[in-house]
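I have placed the structure first, in the form of structure tokens, so that the comments after it can refer back to it.
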Amino acid sequence: MRNVLVVISGPSGVGKGTIAKILTERNGYALSVSCTTRAPRTGEVDGREYFFISRDEFLRRVKENGFLEYSEHFENFYGTPKDFVEKQLKQKDVILEIDVNGGLNVKKTYPQAILVMIVPPSLEEVRKRLIKRNTETEDKIELRMKRISYELGKQSLYDYSVVNDDLETTVERLTEIINEEKSRKN
Ligand code: ADP
Ligand code: 5GP
């Protein structure tokens, strides 16, 4: 069976990080750690959630072609380190948790990448989850809410959409998708 590169995207607060963490712990996939210029949130550890780097360092790596893709949101840069992904893919399946534009850019470089959009059961549920996570100010929650329709608008360009209502059901569905894709011939 081939190793697959799986991109998980969807609105902020929909549950991507939670899903990706369970999938990697349970199924042994590699989770790519992105670089970002945003400040760490309370409890985030450098090298675990992200590599937190300066804007200058980020732009230097862009010049060196060190990212598989990168984009800017909420006034910060985010990028997927190319070396890590290429190395890991030789040994196992790799999960990227990145935004829709990043996902579509990855597909241009790696057409065999599998793009999965995580969809919220409702807009109000996303707001509830962002409030529950307790990491953003009210203003930042509103900014994230405004971006939801833009992200969900790209759903038709993704290979799969999965509604994250019950977490366990979502994780099982993703595992099923990945197993099916792994056993494909092409
Ligand atoms: P994202 O990475 O998409 O921004 P998170 O994984 O941080 O989202 O999840 C946001 C919040 O929603 C977290 O508090 C998480 O525990 C919670 N959450 C994730 N999935 C579900 C679910 N299926 N049902 C209820 N709460 C969820
Ligand atoms: P947050 O600041 O909430 O951790 O992430 C904000 C957004 O950046 C999310 O939509 C997340 O998926 C996206 N993101 C995280 N890492 C990357 C990356 O490497 N590349 C791209 N394009 N987006 C990323």
Side-chain angles (χ1 to χ4, degrees), residues 5-25 30-53 58 61-62 66-85 94-110 113 115-137 139-154 158 161-174:
L5 180 61
V6 183
V7 175
I8 297 183
S9 307
S12 180
V14 74
K16 302 177 299 292
T18 310
I19 296 163
K21 186 165 180 281
I22 299 175
L23 277 174
T24 49
E25 284 171 1
L31 180 63
S32 163
V33 179
S34 298
C35 294
T36 183
T37 59
R38 87 152 158 73
R41 295 180 185 131
T42 312
E44 284 184 334
V45 175
D46 187 42
R48 190 178 67 188
E49 281 80 12
Y50 287 103
F51 292 104
F52 296 97
I53 62 176
F58 195 99
R61 293 198 198 183
V62 170
F67 294 120
L68 188 58
E69 62 71 40
Y70 71 96
S71 61
E72 191 174 8
H73 341 247
F74 312 121
E75 297 176 348
N76 288 299
F77 285 116
Y78 295 78
T80 306
K82 198 193 245 176
D83 276 8
F84 176 87
V85 173
V94 179
I95 308 262
L96 305 184
E97 186 217 317
I98 61 177
D99 86 306
V100 281
N101 292 325
L104 295 171
N105 282 333
V106 166
K107 191 90 174 176
K108 283 184 205 152
T109 324
Y110 281 98
L115 306 186
V116 183
M117 179 80 74
I118 307 296
V119 178
S122 70
L123 293 186
E124 265 326 289
E125 179 62 22
V126 184
R127 192 191 299 276
K128 273 194 208 152
R129 289 181 190 175
L130 283 170
I131 294 170
K132 181 176 86 175
R133 194 172 71 186
N134 202 19
T135 54
E136 311 310 317
T137 58
D139 286 1
K140 288 204 170 147
I141 289 182
E142 286 321 308
L143 265 180
R144 282 163 161 74
M145 292 299 298
K146 281 195 185 122
R147 205 179 140 84
I148 295 181
S149 56
Y150 171 79
E151 287 174 0
L152 295 181
K154 305 250 169 158
Y158 265 54
S161 295
V162 177
V163 178
N164 181 26
D165 193 350
D166 173 64
L167 183 58
E168 187 55 34
T169 309
T170 305
V171 170
E172 279 169 18
R173 177 65 190 132
L174 271 148

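These numbers were taken from a predicted model, which means no experiment stands behind them. All ligand and atom numbering here is 1-based and tracks the order in the structure. Heavy atoms only: backbone and side chains are in, while hydrogens, waters and symmetry mates are out.
- Atom 16 (N) of ligand 2 has its nearest heavy-atom neighbour, among Pro40, Gly103, Ala39, Ser34, in Ser34.
- Closest to atom 1 (P) of ligand 1 by heavy atom, among Pro121, Gly13, Pro120, is Gly13.
- Look at Glu97 and you'll find a heavy atom under 4.0 Å from some atom of ligand 1.
- The residue among Asp166, Asn134, Thr18 with a heavy atom at the shortest distance from atom 9 (O) of ligand 1 is Thr18.
- By the criterion of a heavy-atom distance under 4.0 Å, neither the backbone nor the side chain of Glu44 is placed next to ligand 2.
- Between Asp99 and ligand 2, at least one pair of N/O atoms sits closer than 3.5 Å.
- Proximity of Arg144 to ligand 2, defined as any heavy-atom pair under 4.0 Å, is confined to the side chain (atoms from C-beta onward).
- Scanning all protein heavy atoms for the shortest distance to atom 4 (O) of ligand 2 gives Tyr50 OH, 2.5 Å.
- Here the protein heavy atom with the shortest distance to atom 20 (N) of ligand 2 is Glu69 OE2, 2.7 Å.
- The protein heavy atom nearest to atom 8 (O) of ligand 1 is Gly15 N, 3.1 Å.
- At a heavy-atom cutoff of 4.0 Å, ligand 2 is contacted by the side chain of His73 but not by its backbone.
- The shortest N/O to N/O separation between Asn164 and ligand 1 falls below 3.5 Å.
- Aromatic ring orientation, Phe58 versus Phe67: parallel (interplanar angle below 30°, classes split at 30° and 60°).
- The closest heavy-atom contact to atom 1 (P) of ligand 2, among the options Arg147, Glu136, Arg41, comes from Arg41.
- Remark: ligand 1 and Asp165 share an N or O pair separated by less than 3.5 Å (distance only, no angle test).
- Counting protein heavy atoms only, atom 7 (O) of ligand 1 is closest to Arg133 NH1, 2.8 Å.
- The CD atom of Glu125 sits 11.0 Å away from atom CG of Leu123, with the distance rounded to the nearest 0.5 Å.
- In this structure, atom 2 (O) of ligand 2 lies nearest to the protein heavy atom Tyr78 OH, 2.5 Å.
- For atom 25 (C) of ligand 1, the nearest non-hydrogen atom of the protein is Arg129 NE, 3.5 Å.
- What sits closest to atom 18 (C) of ligand 2 on the protein, heavy atoms only, is Ile98 CG2, 3.3 Å.
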